[in-house]
Amino acid sequence: MTAATIETSIRSAIEARVATLPMAGTYPVKWVDGPSYDPNASTPYIRASFFPNTTRRLFLNGSDPHQRLSLLQLDFMAPKTWTGKQVTQVAGQVGQHFAADTRMTFGDVTCRVTAAPHVAAPMVGDVFIQVPVTVPIECFA
């Protein structure tokens, strides 16, 4: 079997941390690119998306580690019957799980949260009220 690529290792490290969210038992995590992504309008859940952003070469030797920046987007989605205060409370708890300098490792690749997550204001859509939580992540690999 082929060893995991850096990109796969980064994603696996992040997925493992998301899987440990304390509220994941109450609000299931649905990855937008996963096979089980089928939101139900009456069930609150956490929508997860991973966005590799940019790679920076910081050293002269091309085989030296590169800085790999990415964003983890965790949107708390709840029925419109919830209040903005209720959804913001849960989203804030999601953000607390990814405090600055939280480390995530898979194999020999380690990522870390570079700053406190950004918890946005609630947004009301046709079916859900949503609060985005954006987690900035970097990896040197």
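No hydrogens, no waters, no symmetry mates; every other heavy atom, side chains included, goes into these values. Predicted model only: the values in this text are computed from it and were never measured.
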Q: Gly95 and Pro117: which non-hydrogen atoms are nearest, and at how many Å?
A: O-CG, 3.3 Å
Q: With a cut-off of 3.5 Å and sequence neighbours excluded, list every side-chain donor-acceptor pair involving residues 20-28.
A:
unit_1 : atom_1 : unit_2 : atom_2 : d
Thr20  : OG1    : Arg17  : O      : 2.7
Thr20  : OG1    : His97  : NE2    : 2.9

Q: So, for Leu74 and Phe98, which heavy atoms are closest and what is the spacing to 0.1 Å?
A: CD1-CE1, 3.5 Å
Q: Quick one: does any side-chain atom of Gln86 pair with a main-chain N or O of Thr83 as donor and acceptor, under 3.5 Å?
A: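 Indeed, once roles are kept as given, a pair shorter than 3.5 Å links the two residues.
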Q: Do the side chains of Met104 and Val113 get nearer than 4.5 Å, heavy atoms only?
A: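 Side-chain contact under 4.5 Å: yes.
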Q: Return the CD1 to SG distance between Ile10 and Cys111, rounded to the nearest 0.5 Å.
A: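 Answer rounded to 0.5 Å: 5.0 Å.
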Q: Show me the pairs that pass salt bridge (charged side-chain N to carboxylate O under 4.0 Å, His left out) and involve residues 18-28, at least two apart or across chains.
A: none
Q: Tell me, please, which residues at least two apart from Thr54 pass side chain to side chain donor-acceptor pair (under 3.5 Å).
A: none
Q: Show every ring pair (Phe, Tyr, Trp, His ring centres under 6.0 Å) that has at least one partner inside residues 100-121, sequence neighbours left out.
A: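 Passing the test, one end in residues 100-121: no pairs.
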Q: Search all heavy atoms of Ser42 against all heavy atoms of Pro79 and return the closest pair with its distance.
A: O-CG, 3.6 Å
Q: Roughly how far, to the nearest 0.5 Å, is the CD atom of Glu15 from the CG atom of Leu72?
A: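 With rounding to 0.5 Å, CG (Leu72) is 10.0 Å from CD (Glu15).
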Q: Determine, using the 4.5 Å side-chain heavy-atom cutoff (strictly less than), whether Val124 and Val90 are members of one ILVMFWY cluster.
A: yes
Q: Tell me every residue that passes side chain to side chain donor-acceptor pair (under 3.5 Å) with Thr105, counting only those two or more places apart in sequence or in another chain.
A: Thr110
Q: Check whether any side-chain N or O of Thr8 sits under 3.5 Å from a backbone N or O of Ala4 as a donor-acceptor pair, and report yes or no.
A: no
Q: Would you give me the side-chain donor-acceptor pairs under 3.5 Å for residues 128-138, sequence neighbours excluded?
A:
unit_1 : atom_1 : unit_2 : atom_2 : d
Gln130 : NE2    : Asp75  : OD1    : 3.4
Thr134 : OG1    : Gln73  : OE1    : 2.9
Glu138 : OE1    : Gln67  : NE2    : 2.7
Glu138 : OE2    : Arg112 : NE     : 3.0
Glu138 : OE2    : Arg112 : NH2    : 2.9

Q: Answer yes or no on whether Arg11 is positioned over the face of Trp31, meaning its NZ or CZ is under 6.0 Å from the six-membered ring centre and within 45° of the axis.
A: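 Satisfied, under 6.0 Å and within 45°.
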Q: Report the residues that fulfil side chain to side chain donor-acceptor pair (under 3.5 Å) with Ser12, sequence neighbours left out, ordered by chain and then residue number.
A: none
Q: Please collect all side-chain hydrogen bond (donor to acceptor under 3.5 Å, both in side chains) contacts where either partner lies in residues 119-129, sequence neighbours excluded, each pair once.
A: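 Not a single pair qualifies under side-chain hydrogen bond (donor to acceptor under 3.5 Å, both in side chains).
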Q: Quick one: pull up CD1 in Ile14 and OG in Ser70 and give me the separation to the nearest 0.5 Å.
A: 4.5 Å
Q: Could you tell me whether the side chain of Ile46 reaches within less than 4.5 Å of the side chain of Met77, counting heavy atoms only?
A: no
Q: If you round to the nearest 0.5 Å, how far is CZ of Phe76 from OH of Tyr45?
A: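 Reported value, rounded in 0.5 Å steps: 10.5 Å.
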Q: Is atom CG of Asp101 surrounded by more than 12 heavy atoms (other residues, nucleotides or ligands) closer than 6.0 Å?
A: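 Enclosed: over 12 neighbouring heavy atoms sit under 6.0 Å from CG of Asp101.
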Q: Do any pairs count as a salt bridge (charged side-chain N to carboxylate O under 4.0 Å, His left out) and have a residue in residues 88-98, sequence neighbours left out, and if so which ones?
A: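 Residue pairs with at least one partner in residues 88-98: there are none.
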Q: Kindly state each residue pair satisfying salt bridge (charged side-chain N to carboxylate O under 4.0 Å, His left out) with at least one member in residues 76-90, sequence neighbours excluded.
A: none
Q: Taking side chain to side chain donor-acceptor pair (under 3.5 Å) as the test, write out the residues that go with Ser49, two or more places apart.
A: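 Not a single residue meets the side chain to side chain donor-acceptor pair (under 3.5 Å) criterion with Ser49.
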